[in-house]
Amino acid sequence: KAPVRVSRRNMSGGSIEEEIAEMNKWRAVTFLAVPACVGFGVYSFANMEHHHAAERPAYSYLRIRNKIFPWGGDCGLFEYGKCQEE
């Protein structure tokens with residue numbers, strides 16, 4: 001008996017030439033889109049304005065400390081460096 005040849009099914013249904021052309025098209029789109037997106041990101045980041053929050057009044061009820069922190073002092077966990085400067 002001769003071996004039975006099973007034809008392979010392409011998932012997109014196109015021939016190899018069509019698949020190569022589609023791959024080359026998307027490669028070209030990628031090589032154009034990625035630098036454009038990176039350039040837009042750099043432009044956006046370079047021209048970004050940094051807005052400072054307005055100074056808040058020093059209300060006495062905002063810093064209530066009933067017991068000392070485990071790391072000592074009156075500084076919160078994420079304000080340690082800023083608190084030491086005062």
Side-chain angles (χ1 to χ4, degrees):
K1 260 180 153 177
V4 178
R5 291 190 99 180
V6 178
S7 62
R8 247 178 42 201
R9 179 176 172 232
N10 291 334
M11 296 306 279
S12 62
S15 68
I16 292 295
E17 291 79 20
E18 290 173 343
E19 298 298 325
I20 292 173
E22 190 74 13
M23 179 190 68
N24 290 333
K25 176 185 81 170
W26 283 109
R27 181 179 289 163
V29 168
T30 301
F31 286 142
L32 291 174
V34 167
C37 291
V38 168
F40 178 71
V42 167
Y43 171 78
S44 298
F45 186 72
N47 293 327
M48 181 174 57
E49 294 182 15
H50 182 74
H51 298 285
H52 292 280
E55 288 288 325
R56 289 197 226 164
Y59 295 118
S60 60
Y61 59 83
L62 290 178
R63 292 184 55 90
I64 295 175
R65 304 286 191 251
N66 293 329
K67 60 183 186 178
I68 196 164
F69 287 120
W71 50 88
D74 196 31
C75 300
L77 181 61
F78 296 111
E79 61 187 20
Y80 187 74
K82 182 171 50 172
C83 186
Q84 290 295 337
E85 295 170 1
E86 295 175 355

ILVMFWY cluster membership beyond M48 - transitive side-chain contacts under 4.5 angstrom
F45

Using the salt bridge (Lys or Arg N to Asp or Glu O under 4.0 Å) rule, collect all pairs that involve residues 28-39, keeping only residues at least two apart or in two chains.
none

Once side-chain hydrogen bond (donor to acceptor under 3.5 Å, both in side chains) is applied, do any residues pair with E55, and if so which ones, sequence neighbours excluded?
none

Pairs meeting criterion salt bridge (Lys or Arg N to Asp or Glu O under 4.0 Å) with involvement of residues 37-47, two or more places apart:
none

With sequence neighbours left out, which residue pairs that include part of residues 25-53 fulfil the salt bridge (Lys or Arg N to Asp or Glu O under 4.0 Å) condition?
E22-K25

